[in-house]
*Asks:* 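Okay, here's the structure, questions in a sec.
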Amino acid sequence: MVTARMGLFEVTVGVGRIGAAELTPVTALVDTGAAHSVMPESLLAKHGIAPLEYRSFAITGGSEVEYGYGMAQFGIDGREFPCPVIFGVDGEFLLGATTLQIFNLMVDPAEERLVTKPLRARSI
């Protein structure tokens, strides 16, 4: 499901522990300006996902905030991959650029949707 909002859009993704049989579906805002995806710490904890470390992240306005950083299983359109995730506050669901790259997806801004990027191979 895709929902448009002020030039941005949302997609439904699954989130859970790496290797889990089922992922929890959530609606996340696609944010190509964010390096990593952000999911609520409470959701990640519910799946038994703990931060691997804590890192400082620059936020809008230039200040820095420390958040938990770890790995979670993400599912998009029937495909699943482990991806880096930032442990955010409740209600914060962002799908960042790293996750899009791992899934080989890019944004189609005209249609407000995710599309598969053409794969490029380089001969040596």
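Note: hydrogens, waters and symmetry copies are ignored here, and every other heavy atom, side chains too, is used. All residue numbers refer to positions in the sequence shown, counting from 1.
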*Asks:* Treat each ILVMFWY residue as a node, draw an edge where side-chain heavy atoms are under 4.5 Å apart, and state whether Val89 and Val26 are in one component.
*Replies:*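 Different clusters: Val89 never reaches Val26 through Ile, Leu, Val, Met, Phe, Trp or Tyr contacts under 4.5 Å.
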
*Asks:* When hydrophobic residues are tied together by side-chain contacts of less than 4.5 Å, even through go-betweens, does Leu23 share a cluster with Leu43?
*Replies:* no

*Asks:* Considering all heavy atoms of both residues, which atom of Ala58 and which atom of Glu64 are nearest to each other, and what is their separation?
*Replies:*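 Nearest pair, atom of Ala58 first, then Glu64: CA-CG, 4.2 Å.
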
*Asks:* Just list the side-chain donor-acceptor pairs under 3.5 Å for residues 44-54, sequence neighbours left out, or say none.
*Replies:*
unit_1, atom_1, unit_2, atom_2, d
His47, NE2, Thr24, OG1, 2.7
Glu53, OE2, Arg55, NE, 2.5
Glu53, OE2, Arg55, NH2, 2.7

*Asks:* Quick one: closest heavy-atom pair of Glu92 and Pro40, and the distance?
*Replies:* O-CD, 3.2 Å

*Asks:* Quick one: CG on Leu100 to CD1 on Ile76, what's the gap to the nearest 0.5 Å?
*Replies:*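 Going from the CG atom of Leu100 to the CD1 atom of Ile76 covers 6.5 Å.
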
*Asks:* Would you confirm whether Asn104, through its side chain, and Lys117, through its main-chain N or O, come within 3.5 Å as a donor-acceptor pair?
*Replies:*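 Answer holds: yes.
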
*Asks:* Do the ring planes of Phe57 and Tyr67 sit parallel (below 30°), tilted (30 to 60°) or perpendicular (above 60°)?
*Replies:*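 Plane angle between 30° and 60°, so tilted.
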
*Asks:* Looking at Ser37 and Phe74, what are the two nearest heavy atoms and their distance?
*Replies:* CB-CZ, 3.8 Å

*Asks:* Quick check: closest heavy atoms across Val107 and Pro109, and the distance to 0.1 Å?
*Replies:* O-CD, 3.2 Å

*Asks:* May I ask you to test the Leu114-Leu95 pair for a side-chain heavy-atom distance under 4.5 Å?
*Replies:* yes

*Asks:* Taking all non-hydrogen atoms of both residues, which atom of Thr27 and which atom of Phe93 are closest, and how far apart?
*Replies:* O-CB, 3.3 Å

*Asks:* Is a side-chain N or O of Thr98 found less than 3.5 angstrom from the main chain of Ala35, in a donor-acceptor match?
*Replies:* yes

*Asks:* Going by heavy atoms in the side chains, are Leu105 and Thr116 under 4.5 Å from each other?
*Replies:*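 Leu105 reaches Thr116 side chain to side chain.
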
*Asks:* With a 4.5 Å heavy-atom cut-off, do Val115 and Met106 have their side chains touching?
*Replies:* yes

*Asks:* Looking only at heavy atoms, which two atoms of Met71 and Ile18 are closest? And how far apart?
*Replies:*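 Taking every non-hydrogen atom into account, CB-CD1, 3.8 Å.
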
*Asks:* Can you tell me how far the CD atom of Gln101 sits from the CZ atom of Phe81, to the nearest 0.5 Å?
*Replies:* 13.5 Å

